[in-house]
Each structure stands twice: as structure tokens, then as C-alpha cells.
Enquirer: 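After the C-alpha cells below, expect a handful of questions from me.
None of the values given here were measured: they were computed from a predicted structure. The chains referred to below are lettered A, B, ... by the order of the sequence lines, with proteins before strands, and numbering in each begins at 1.
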Protein chains: 2
Amino acid sequence: MGKQRSHIKIGVFIAGTGHHVASWRHPQAQADGTMNLSYLKGLAQTAERGKLDMLFLADSLSIDPHSHPNILARFEPLTVLSSLAEVTSNIGLVATASTTYGEPFHTARQFASLDHISNGRAGWNVVTSSIPATGANFSKEEHLEHGRRYQRAQEFVEVVKGLWDSWEEDALVRDKESGVFFDPDKLHELNHKGEFFSVRGPLNIARSPQGHPVIVQAGSSESGQQLAAQTAEVIFTAQNHLAGAQAFYRSVKEKVASQGRLPEEVSIMPGIFPVIAETEALAQEKYEELQDLIIPSVGLKILSTAMGGVDLTPYPLDGPLPEIELPESNAVKSRSQLIKEMAQRENLTIRQLYKKVAGSRGHHIFIGTPEQLADRMEEWFTQKGADGFNLMPPLLPEGLELFVGQVVPILQERGLFRREYEGKTLRDHLGLKKP
Amino acid sequence: MGKQRSHIKIGVFIAGTGHHVASWRHPQAQADGTMNLSYLKGLAQTAERGKLDMLFLADSLSIDPHSHPNILARFEPLTVLSSLAEVTSNIGLVATASTTYGEPFHTARQFASLDHISNGRAGWNVVTSSIPATGANFSKEEHLEHGRRYQRAQEFVEVVKGLWDSWEEDALVRDKESGVFFDPDKLHELNHKGEFFSVRGPLNIARSPQGHPVIVQAGSSESGQQLAAQTAEVIFTAQNHLAGAQAFYRSVKEKVASQGRLPEEVSIMPGIFPVIAETEALAQEKYEELQDLIIPSVGLKILSTAMGGVDLTPYPLDGPLPEIELPESNAVKSRSQLIKEMAQRENLTIRQLYKKVAGSRGHHIFIGTPEQLADRMEEWFTQKGADGFNLMPPLLPEGLELFVGQVVPILQERGLFRREYEGKTLRDHLGLKKP
Ligand SMILES: Cc1cc2nc3c(=O)[nH]c(=O)nc-3n(C[C@H](O)[C@H](O)[C@H](O)COP(=O)(O)O)c2cc1C
Ligand SMILES: Cc1cc2nc3c(=O)[nH]c(=O)nc-3n(C[C@H](O)[C@H](O)[C@H](O)COP(=O)(O)O)c2cc1C
């Protein structure tokens, strides 16, 4: 696996105006970015100029009017990636789709179709939809509970892969002379019968260029990591420190191995939120400029959500965090505890605290020069904290343009990143074999 | 209504190698047409050169290996139209999607997304999936019965339209100065609770350029026509004779009016299967050439399906149709009766009979010169048998190129068809107002 570990993998998580919650207010921001196709085309082409491995589009199936403006109104990922496929030729195209509110037949088909349209560049980020309100958009009384969502996800992925295998590569003979259109021995029913699904198949689309579009996963719970170890070929994660990233890396690679898979079949790509400028001081200034754009009510709302819903509106913004009861819920408890401890340790006002929490929403913040960012990436890569990174530029297109223009050349100079695409498909870029 | 009735509406039903069941075997056919994106782009661009109103893509969610090769393996319509949107700029893009195996939230979003991507050129052909085997691909024990499918379809369309209305046109304010991203008074929950669906909304995509993508329907049963009268803006139908087309036209327009809608809000577009050549004799020859390419076993299979599943394999192909019992099932009974009567009346062998039934699968066959086709279209249009036509060329791209190159100029000369697109959206082309 020499080749695979000699190059850092790099994806870019495209999110409207950027990943900073207040990015849309920045003077340079294209405020309608999430719904502006020519703007998104420009981002895709910039990423391809930088020879990045892939574009990533997140998704959700319900909106909270108080959430990040980037996710309130946006394109549906598979349609927009089909359109971006036309203005790019090499970069991978990864769309998010939920297994909780979808049907495996539709999902298998849409991704196979995108894979054909893009000549083998499709990837599927498998998510289970964590927002309970989503059920209300899909005639469900209740959102499936976390463990059940992952059981359904596992079966869902199995069915999708089975459907992708329903046509063999050379099944479509199309022999005009004899009148044989396809070889019936190479067309297979699936006849899946499981707990959640029963699906006969075959799929009504020819086997796609990659055989299987690439499977991406970002689960962080025990069952999330289990699903990833079983099926994912790329794993996204939020890691803030090298030590933590290394522990996650080791643990996931072990889980992968214990599934009988090769650890190098899975690329671990933590998110990184890079604020880059010529000097560290200028980068810090740039970050502060974004931080100052956070509307207090928005910052407070994000902080209170991160702390399990506590109401902080009665307290002065420039005073300390009051002594409050933290919620009992398991999921957010540790996070709210950590936030509370940080507030006490660093003696922060409520305003300072929401800025810490809201800006990058928990992702690895890097603030410094292009050279320093290359160092950080090299360190994480060589020290086995990461096989690559999922870039989450705070402000777009600026953050992506700087990365491509100034960081990529340094990585190339160091022999850590490709100078040209060597293959055509996303599997080629990631060094994955074709199933 | 002057403008709307002065121009014939013309769509083209894009189906791989063409609508003749044996078209793929023709020496000129691009046998991999259904799965060849650059070929489909060429067709879309030819149709746009001809200033046609729209492209139409059919769909199904299960395959019968014995069905028309064009529908065995094909792109998923919404992804491929998103890609075709990039290589065209005016022509409408109509995709088929089923209400029986979909979720209104997904469908509303995908079509809104296509409408944004194409700058207002999306249309939705609402179908209920008539093939019972489809349920087996979607974890259903049974295919919903015909009447229930239409009840579900009606509620489905209502929910989709409601979701399209969840964002008002100017809801996204994006005022950087004040930090107001959207106007909460212009974002609406739907809170639909019905027999089949409960959907809260709002949709997570901004209102699309057309407000509502255009609704197309092709139901022919009583409940199918009822749904069309309530919701459709374009109606596809198979009509073989002017008198029948006129009766259908009158009856549908009356049904539309009785729903409190204006009859001109609905365009009735029968399919037409035009075999065109310089002389009638050459056109007839061209048709025979295609007919002779039908593989006997395929032709026999199609004939036997059309006759409700009777087994004709024991009888000589060049002998007469034997005296057989016709099936009791309501749906196919009248069709099989008609076929049997035709065989007796015209004294046809089994081979001659399957050729009649299989070639165009029941659609209006026209065989003649470009001038004669223009006459036929003008006659149906002025005599109120049609507001326009859905072209189903037997062989592609030839049939579309001939139509665009030789029939369109005649219709333009007669003032029956546009010389240039006057508007940008599909609603503009069809003379429909924006909801
Ligand atoms: C980089 C990254 C991107 C993610 N994108 C999405 C997304 O687009 N949609 C979604 O519903 N969840 C997304 N998630 C959430 C994960 O799928 C997962 O639900 C979350 O990390 C919690 O883990 P768990 O599901 O194992 O509890 C993302 C997570 C990360 C780290
Ligand atoms: C031109 C035309 C195109 C059609 N396209 C589709 C299609 O793509 N998918 C489908 O399931 N049915 C399609 N149909 C079938 C109709 O939706 C409808 O089911 C059929 O005409 C029978 O009518 P009924 O549903 O009212 O019984 C089409 C029909 C016509 C006339």
C-alpha cells in the first residue's frame, strides 16, 4: 500500500458561504451561495484545479430555522452533483443520503446513475439522520431510535450493494445480428429478505463504472464506528488534537481489520477548518473578523443547544456563565460538561464562550500560514492521525482558493500530494480496488 | 388564449434507440443509447435546435427481462436531466416519478432542485406504477390496488405542491448588515395530515424559478383522468384516430372545467410515432425494415402480454390466430378483444398480428412525408384533437433529426410553431401562468 500512504487524501466539504456560522455576513461572501449554481460550479472547478480527491455535499431532511443559514435552503445533492459532473472531469463527487428515510432501490439507482454520469466519480456518504424532527416530514410518528437506525443502515447498505451487483459488467451484449440484447446469466435477482427490507431486484441500470460507488461514513458512536468498519471506504470524523486523532485512527483500523478487511481499504479523513493568511497575526485577525460577525442571539442559541437546551437569555452576555444544572441526556452530557469546564478554566464570559462553540461547531480549527498548515497536515499524516483531510474552509471561495493556490503547491513540493490526477475514477484517486 | 392555441406544443419522448421495439437492431441505431450520456446530450441539443417545448423521460421501478430493451437499463431521470440541463438552455425537462413508491418530501425537493438547476425548465410526469411486480423492490407484500394508487397519488401531489409553497419567493433576505438571513413570515410549515401522509415541512430548498414545476399526467382510466383534470397542466395520451382524440379532448377539457380550472390551463398531447421519408413508399419501406427486425419470440411475448398472457407458442407463426379463450381481467380484456377482432377482420397470421401490436405498442403510427405529417398535426390541432404532440420517433436520432430538419420548418412556415423561444421557462413555452 506504498502508493496509498505516500499521498495525503484531500476532500473539500462544500457548504455555501463557508463553514463559519457567520460567513454569509462577511463582505466577501456570496450570500446566496448555497442556492447559486454558477458559484458552486466555480468552487468545484477550483477544487479540481487543486487536484483534490473529492467534493463532499452534506445533507439533512428537515430544517430548524435557527440552524446554520447554509443548511436552510440548498440543492438536493444528487441532482446538483449530476450537474457539477458536467463542468468537471476528474474530481470525486460525494453526496450524503440517509438510510432512515430512503428506499435502497432508489438510493442504489441514483448513485449508480451519478456514477455513470460522472464516469466513475460517485461516492455515497451514508448517514442515519440524527435530528428527531425529521420523522415529521416522512409520515413517521417517531424518529427511529439510534441503535435501530444503525441496524436499518447496515441492512440498507447491504441491499444497495447487492443491487449494484445485479448486472455484471459485460451483461449487456447488444448483438444486433443475433438479436440478443443481454446475457440472462449475467443479470441477477437479489431476492433479499431481511428485518427491514425485502427487495427482489434486479436494478434497472447497468453496472456503473466503479462497480460500487465509494462508501463514506461519519458515525462517531460505537454503532456508528461499527457500521463504518464494516462498510466504509472513507471515514469522516471531527478530531481536535493529534493524540485523539491517533487513538481514533488506531481504533478504527483495528475494527476494520477485525472485520476481515485490510486497514488500507479505509481512509480516515478528519475535518479541518483552516484560517490561512500570510502571517499568524493576520490569520488570527481574519478569524476574529468572522467571530465578530456572529449575531449574539444566534451564538447564544447554538451554545444553548450544545449545552442540551439550557436557557441563557436571562444572563448578561458579558458576564460569566451562571451556575446551571446540566441536562441528563447522555448524548449531549459530556459535551455540555466539557463546555462548562472550559468556561470555568478559561474564565470566559457568555459571549466569549458562544464564540468558541459556535464558530467552527467543534471542528479542528487551524489558524496560521500556508506553510504551517502544510506542517500540520504532514504531521497528522505521518504520525498516523489521518490518511487525509476533509477541508472545511471558514469562508468560501476565499478559503478554498488560498488552499489550492498556496498550500497544495507546498504539499506537492514535499511529495505529499499528487501533481496530476493519475486515474479517472474516485476509486483510482483513493487507491481503492474495484469490487 | 390566442397565443396558446396558435402554436402547436411539441415534446419529444426520448427512449434510447427509439420507440420501435426492434430499433436497437437497426444498422443506424446506437445500440447502447439508453446508457450513453453523450448520445442523450446530442438528442437534447437536436430537440432544442428544433425549438421543441420539452424532452420527456419515462420511468419504471422494476424490470421484466422480456420488456423493451430501452427500459431494461437506463439512467435515473432526475440525475440525467440535471446533467442535460447543463448542455441545453431553453427546452423543458420532464421526468417521470411514481407516487406509489416515493415520499412527497423527496419528490418535491428533487423537482425543485432540477427546476433551480435548469432555471425553470422542470416538469414532473406523475405516474402510479402499473406493474404489480414493482412492490417486490420496495418491501411491499402487495402492489397497491388501482383505485388506492390514485387516492395516494392525489394526496401525494397535494403534499408536493404544499411543500413547493413553503418558501415564498422573497423569503431569503440575506441582509448582511442586520444579520437577517430570512423573513420568518415568509417561511411556512405545511402541517399536512391526511390518509396516506403526514408531512410537517417546510422544504429545505428555496422556492424554485417556476414556483411549481409543471405537472404532467398520462392516466387513461376514469380515476387517472380525474387526477389529471384536478392537477395536470400537460396530459399525455395514446390516441389512434382523430374522432377518438376529439372525444378524449372534449371530455378532459370538460372535466378540467368542472374542477373550476380553465380548460386552456391544460395541454393535451397525444403520442405520435412518425415514420417519415421523402415519399410515402419510402416511408412504408422504412417501417417494414424495422418491422422485419422484430425477433419472433419477442413479438410473440408482447402479443401474448397484450392479450392477457395467452400462450401462443404452440401455434405456427404463419398460421391464423387460433380460437382462444380471452382472460377475464378487466384491464386487458377490451384490448385483447380488439386485437382478436382485428386479426379476424384483416385475416392476419400470428406473425402479422404481433408486428401490428409490438412495433409501436399501441401508439398513433404515422407513415408518410414531412408535408403529410405537418398536415396531420395541423388537422388534429385545428380540429381540437390535440393541443400538441409527444413525438415518439421509431428510430433515434434519425427520427428526431428528420422531424427537426424537415417538419418543424413547415410548421413554422404555416405559423403553427415558434421560430424562436420567446421565454425561458417551461411554463413560458406552454403559456402557463406561474402559481
Ligand atoms: C464531517 C462530517 C460530516 C457529516 N455530514 C452529515 C450529513 O451531511 N448529514 C447527517 O445527517 N449527518 C452528518 N454527519 C453526522 C454523522 O453522520 C453522525 O450522525 C454523527 O457523527 C454522530 O454519530 P452517530 O450517528 O454514530 O451517533 C456528519 C459528521 C461529520 C463528522
Ligand atoms: C405517453 C405516455 C407515457 C407514459 N409514461 C409512463 C411512465 O414513464 N411510467 C409509468 O409507470 N407509466 C407511464 N404511462 C402510463 C400511465 O401513467 C398510465 O398508468 C396508463 O396510461 C394507464 O392508465 P391508468 O393508470 O389510469 O389506468 C405512460 C402513458 C402514456 C400514454
Enquirer: Under 4.5 Å, counting heavy-atom pairs only, tell me which of B:P202, B:S62, B:G194, B:A85 racks up the most with chain A.
Expert: B:P202
Enquirer: Mind ranking A:S139, A:A206, A:S297, A:S82 by heavy-atom pairs under 4.5 Å with chain B and telling me who comes out on top?
Expert: A:S139
Enquirer: Please flag which part of A:V180 lies under 4.5 Å from any non-hydrogen atom of chain B: side chain, backbone, both or neither.
Expert: backbone
Enquirer: Less than 4.5 Å to any heavy atom of chain B: does that hold for the side chain of A:A112, its backbone, both, or neither?
Expert: neither
Enquirer: Please find the pair of heavy atoms, one from A:A31 and one from B:F181, that lie closest to each other, and give the distance.
Expert: O-CE1, 4.0 Å
Enquirer: Between A:K41 and chain B, which part of the residue has a heavy atom less than 4.5 Å away: side chain, backbone, both or neither?
Expert: side chain
Enquirer: Under 4.5 Å heavy-atom distance to chain B, tell me which part of A:F182 shows up: side chain, backbone, both or neither.
Expert: side chain
Enquirer: Taking all non-hydrogen atoms of both residues, which atom of A:N204 and which atom of B:S60 are closest, and how far apart?
Expert: ND2-O, 2.8 Å
Enquirer: Taking side chain as everything from C-beta outward and backbone as N, CA, C, O, which of these in B:L78 sits under 4.5 Å from a heavy atom of chain A? Side chain, backbone, both or neither.
Expert: both
Enquirer: Output the option from B:P77, B:A22, B:A171, B:A29 having the highest count of non-hydrogen pairs under 4.5 Å with chain A.
Expert: B:A29
Enquirer: Indicate yes or no for a side-chain donor-acceptor contact from B:N137 to the backbone of A:V199 under 3.5 Å, with no hydrogens or angles considered.
Expert: no
Enquirer: Shortest non-hydrogen contact from B:H116 to A:F75?
Expert: CB-CE2, 3.5 Å
Enquirer: Within the supplied structure, the quantity of interest is the number of heavy atoms (other residues, nucleotides, ligands) at a distance under 6.0 Å from A:Q45 CD; does it exceed 12?
Expert: yes
Enquirer: Select one option (side chain, backbone, both, neither) describing which atoms of A:L203 are under 4.5 Å from chain B's heavy atoms.
Expert: backbone
Enquirer: Pick one of side chain, backbone, both or neither for A:S178, based on which atoms fall under 4.5 Å of a heavy atom in chain B.
Expert: backbone
Enquirer: Relative to chain B, which segment of A:E141 carries a heavy atom at a distance below 4.5 Å: side chain, backbone, both, or neither?
Expert: neither
Enquirer: Would you mind telling me which of A:L72, A:L187, A:D175 has the largest number of heavy-atom pairs within less than 4.5 Å of chain B?
Expert: A:L72
Enquirer: Give, as side chain, backbone, both or neither, the part of A:D115 having an atom under 4.5 angstrom from any heavy atom of chain B.
Expert: neither
Enquirer: Side chain from CB out, backbone as N, CA, C, O: work out which of these in A:P27 comes under 4.5 Å of a heavy atom of chain B, or both, or neither.
Expert: backbone
Enquirer: Please look at A:V87 and chain B and tell me whether the side chain, the backbone, both or neither of the residue comes under 4.5 angstrom of a heavy atom of that chain.
Expert: side chain
Enquirer: Apply the test side-chain contact (heavy atoms from CB on, under 4.5 Å) to residues A:M35 and B:I205: give CA-CA distance (whole Å), side-chain angles for both, the deciding distance (0.1 Å), then the verdict.
Expert: CA-CA 8 Å; A:M35 294 281 347; B:I205 182 165; 3.7 Å; yes
Enquirer: Looking only at heavy atoms and a cut-off of under 4.5 Å, which of A:L61, A:L84, A:I71, A:V298 has the most pairs with chain B?
Expert: A:L61
Enquirer: For each of A:L293, A:D59, A:V80, tally heavy-atom pairs with chain B at distances under 4.5 Å, and name the one with the top tally.
Expert: A:D59
Enquirer: So, A:S113 and B:T79: side-chain donor and acceptor under 3.5 Å apart, yes or no?
Expert: yes
Enquirer: Rounded to the nearest 0.5 Å, how far apart are CD of A:E189 and CD1 of B:I63?
Expert: 9.0 Å
Enquirer: Apply the test side-chain contact (heavy atoms from CB on, under 4.5 Å) to residues B:H106 and A:F138: give CA-CA distance (whole Å), side-chain angles for both, the deciding distance (0.1 Å), then the verdict.
Expert: CA-CA 9 Å; B:H106 289 313; A:F138 293 89; 3.5 Å; yes
Enquirer: Using a 4.5 angstrom heavy-atom cutoff, name the option from B:K140, B:Q110, B:E177 with the most pairs to chain A.
Expert: B:Q110
Enquirer: In terms of heavy-atom proximity below 4.5 Å to chain B, should A:H26 be classed as side chain, backbone, both, or neither?
Expert: backbone
Enquirer: Using the rule given for side-chain contact (heavy atoms from CB on, under 4.5 Å), can you reason through A:D32 versus B:R174, listing the C-alpha separation, both sets of side-chain angles and the distance that settles it, and then say yes or no?
Expert: CA-CA 7 Å; A:D32 69 352; B:R174 303 179 180 116; 3.4 Å; yes
Enquirer: Between chain A and each of B:I295, B:T34, B:L37, B:I117, count heavy-atom pairs under 4.5 Å; write down the option with the most.
Expert: B:I117
Enquirer: Does the side chain of A:E86 come under 3.5 Å of the side chain of B:S83 through a donor N or O and an acceptor N or O?
Expert: yes
